[in-house]
Amino acid sequence: RPRKIYHYGQNYIIDADTPDYRHITAINSETGLVRWDLELDKNPFGRGKPVDIVWSDSLIIIPLDEELKAYNLYSGQMKWSYDYTDDIDGIEYLNQSGVGSGAISFLSDDNEFVVLDIKTLQIAYKENVNFDDAVHVQYLDSTYILGYNNGGYISLFEKNVTDVKNVWTRDVGTIESLILSQKNIHVFSPDNYYTVNFKNGEVSEEVPLIWKPNNIFIDNKYLVCFTG
């Protein structure tokens, strides 16, 4: 069954599981035809982490147990493989927002902010992120990492030349869900909604919720709550 579908270039990349294997399928988004298909070993433990397939230039980079593999987006031909076990224990968080010019940034299993140079396949940066509590990572790019937990802890860190420094930390009470959009952090508690400014951590006034939403849609103008 499909676990996630990505739209990279002119391809849909379908990441799916079967009982015994993991399948990556590339489908031409204009014709609907299959360009290529990969069959990979499954790693049930790693599949539970927020670790995505990412896109850089003409490559897609697939995180696997103990390595990263890069394939041509259009042919499916493998271009390189990087065994990361000598440098880190594993990958905890990887998202498309961490892809920059010739490098990808991600969080390791040991809460290290890691930058991999994908031209040299060398670690260009690795420093600890000292969260004060266990967190879910909500966002990570080449400079910032944002983490939170349901107890109300939210914290933003910034990567510097020599270390990763805390920019701000807030304790906002129970968090049921959190969405980052347009550099505003939208926070939903059981009874209220409010925002936190991404850059400075300033918390807005709370807005009471009339009902508990099942789904939430946010763009640069509107916030829409759905029930049913």
Side-chain angles (χ1 to χ4, degrees), residues 1-18 21-27 29 35-74 76 78-85 87-118 121 123-126 129 131 135-148 156-157 159 177-182 185 198 218:
R1 64 183 181 84
R3 293 181 65 95
K4 196 157 187 179
I5 299 174
Y6 309 85
H7 190 194
Y8 291 154
Q10 295 178 346
N11 278 4
Y12 289 111
I13 306 296
I14 301 173
D15 188 357
D17 286 336
T18 64
Y21 296 99
R22 177 184 181 187
H23 283 271
I24 311 294
T25 304
I27 296 177
S29 60
R35 289 186 186 269
W36 51 265
D37 182 78
L38 298 175
E39 186 177 279
L40 304 170
D41 292 334
K42 284 180 67 175
N43 175 18
F45 178 75
R47 296 291 269 162
K49 296 181 178 181
V51 176
D52 288 345
I53 295 171
V54 295
W55 174 33
S56 177
D57 295 326
S58 62
L59 300 177
I60 63 163
I61 300 167
I62 303 175
L64 301 171
D65 188 25
E66 300 185 346
E67 63 183 336
L68 295 169
K69 285 190 174 182
Y71 295 84
N72 182 277
L73 177 63
Y74 298 101
M78 192 178 79
K79 293 300 184 180
W80 53 257
S81 176
Y82 165 65
D83 184 334
Y84 55 71
T85 54
D87 299 309
I88 58 172
D89 288 336
I91 299 174
E92 180 63 27
Y93 182 91
L94 171 63
N95 185 269
Q96 186 63 30
S97 59
V99 178
S101 178
I104 56 174
S105 301
F106 56 88
L107 186 71
S108 76
D109 280 347
D110 292 325
N111 273 4
E112 298 160 317
F113 194 119
V114 180
V115 180
L116 173 69
D117 186 319
I118 59 176
L121 298 183
I123 296 293
Y125 185 92
K126 185 174 71 170
V129 183
F131 289 112
V135 299
H136 309 285
V137 176
Q138 182 68 19
Y139 179 78
L140 185 151
D141 63 16
S142 61
T143 304
Y144 295 103
I145 178 169
L146 177 73
Y148 80 100
L156 180 71
F157 284 77
K159 178 176 74 70
S177 62
L178 183 150
I179 300 169
L180 177 63
S181 176
Q182 301 294 321
I185 304 164
F198 182 87
I218 296 173

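The first residue in the sequence is number 1, and the count goes up from there. What you see is a predicted model, and the numbers here were worked out from it, not measured in a lab. Values below: all heavy atoms of this structure, side chains included; hydrogens, waters and symmetry mates excluded.
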S.K.: Given 3.5 Å as the limit, does a donor-acceptor pair link the side chain of Asp110 with the main chain of Glu112, or not?
M.R.: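 Flag not set: sc Asp110 to bb Glu112 has no pair under 3.5 Å.
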S.K.: Locate the shortest heavy-atom distance separating Asp83 from Glu67; write the atom from each residue and the value.
M.R.: CA-CB, 4.1 Å
S.K.: List the steps and the verdict of salt bridge (charged side-chain N to carboxylate O under 4.0 Å, His left out) for Lys4 and Asp52.
M.R.: CA-CA 9 Å; Lys4 196 157 187 179; Asp52 288 345; 3.0 Å; yes
S.K.: Go through the structure and list residues passing side chain to side chain donor-acceptor pair (under 3.5 Å) with Asp15, not counting sequence neighbours.
M.R.: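 Partners of Asp15 under the side chain to side chain donor-acceptor pair (under 3.5 Å) test: Arg22, Arg47.
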S.K.: To the nearest 0.5 Å, how far apart are CG in Asp89 and CD in Glu66?
M.R.: 10.5 Å
S.K.: Hey, can you tell me if Tyr21 and His23 have their rings parallel, tilted or perpendicular (30° and 60° cut-offs)?
M.R.: perpendicular
S.K.: Is the backbone N or O of Ile53 less than 3.5 Å from a side-chain atom of Tyr8, with the two atoms forming a donor-acceptor pair by type?
M.R.: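 Answer holds: yes.
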S.K.: When rounded to the nearest 0.5 angstrom, what is the spacing between CG in Asp87 and OG in Ser108?
M.R.: 10.5 Å
S.K.: Check the surroundings of atom CG in Asp57: do more than 12 heavy atoms from other residues, nucleotides or ligands lie under 6.0 Å from it?
M.R.: no
S.K.: Given the rule in the side-chain contact (heavy atoms from CB on, under 4.5 Å) test, do Ile123 and Tyr84 qualify, once you have shown the distances and angles that lead to the verdict?
M.R.: CA-CA 9 Å; Ile123 296 293; Tyr84 55 71; over 6 Å; no
S.K.: Step by step, would you call Phe106 with Leu116 a side-chain contact (heavy atoms from CB on, under 4.5 Å)?
M.R.: CA-CA 8 Å; Phe106 56 88; Leu116 173 69; 4.2 Å; yes
S.K.: Can you give the donor-acceptor pairs under 3.5 Å from side chains of residues 97-105 to other protein atoms, not counting sequence neighbours?
M.R.:
| residue | atom | partner | partner atom | Å |
| --- | --- | --- | --- | --- |
| Ser97 | OG | Asn95 | OD1 | 3.3 |
| Ser97 | OG | Leu140 | O | 2.7 |

S.K.: About how many Å separate CG of Leu178 and CD1 of Ile185, when rounded to the nearest 0.5 Å?
M.R.: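 These two atoms lie 6.0 Å from each other.
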S.K.: Got a second to check how far Asp37's CG is from Ile24's CD1, nearest 0.5 Å?
M.R.: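 CD1 of Ile24 is found 8.5 Å from CG of Asp37.
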S.K.: Ignoring hydrogens, what is the shortest heavy-atom contact between Ser56 and Ile61? Give both atom names and the distance.
M.R.: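 What the structure gives for the nearest pair is CB-CD1, 4.3 Å.
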S.K.: Please report the interatomic distance CZ(Phe113) to OH(Tyr93), rounded to the nearest 0.5 Å.
M.R.: 11.0 Å
S.K.: Run Lys49 and Asp109 through side-chain contact (heavy atoms from CB on, under 4.5 Å) and show every step you take.
M.R.: CA-CA 10 Å; Lys49 296 181 178 181; Asp109 280 347; 2.7 Å; yes
S.K.: Between Leu68 and Ile91, is the side-chain contact (heavy atoms from CB on, under 4.5 Å) condition met? List the steps.
M.R.: CA-CA 10 Å; Leu68 295 169; Ile91 299 174; 3.8 Å; yes
S.K.: Does Tyr12 have any ring pair (Phe, Tyr, Trp, His ring centres under 6.0 Å) partners at least two apart in sequence or in another chain, and if so, which?
M.R.: His7
S.K.: I need the minimum non-hydrogen distance between Gln138 and Ile179, along with the two atoms involved.
M.R.: NE2-CA, 4.1 Å
S.K.: Look up atom CG in Leu156 and atom CZ in Phe198, then write down how far apart they are to the nearest 0.5 Å.
M.R.: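 One gets 4.5 Å once the value is rounded to the nearest 0.5 Å.
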S.K.: Check whether any side-chain heavy atom of Ile88 sits under 4.5 Å from a side-chain heavy atom of Lys126, and report yes or no.
M.R.: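 They are in contact (side-chain heavy atoms under 4.5 Å apart), so the answer is yes.
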S.K.: Is any side-chain heavy atom of Lys69 closer than 4.5 Å to one of Leu40?
M.R.: no
S.K.: Side chains of Asp65 and Asp41: does their closest heavy-atom pair fall under 4.5 Å?
M.R.: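 No; the side chains remain at least 4.5 Å from each other.
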S.K.: Looking at every heavy atom in both Thr18 and Lys42, which two are closest together, and how far apart are they?
M.R.: O-NZ, 3.1 Å
S.K.: Going by heavy atoms in the side chains, are Leu146 and Val135 under 4.5 Å from each other?
M.R.: no
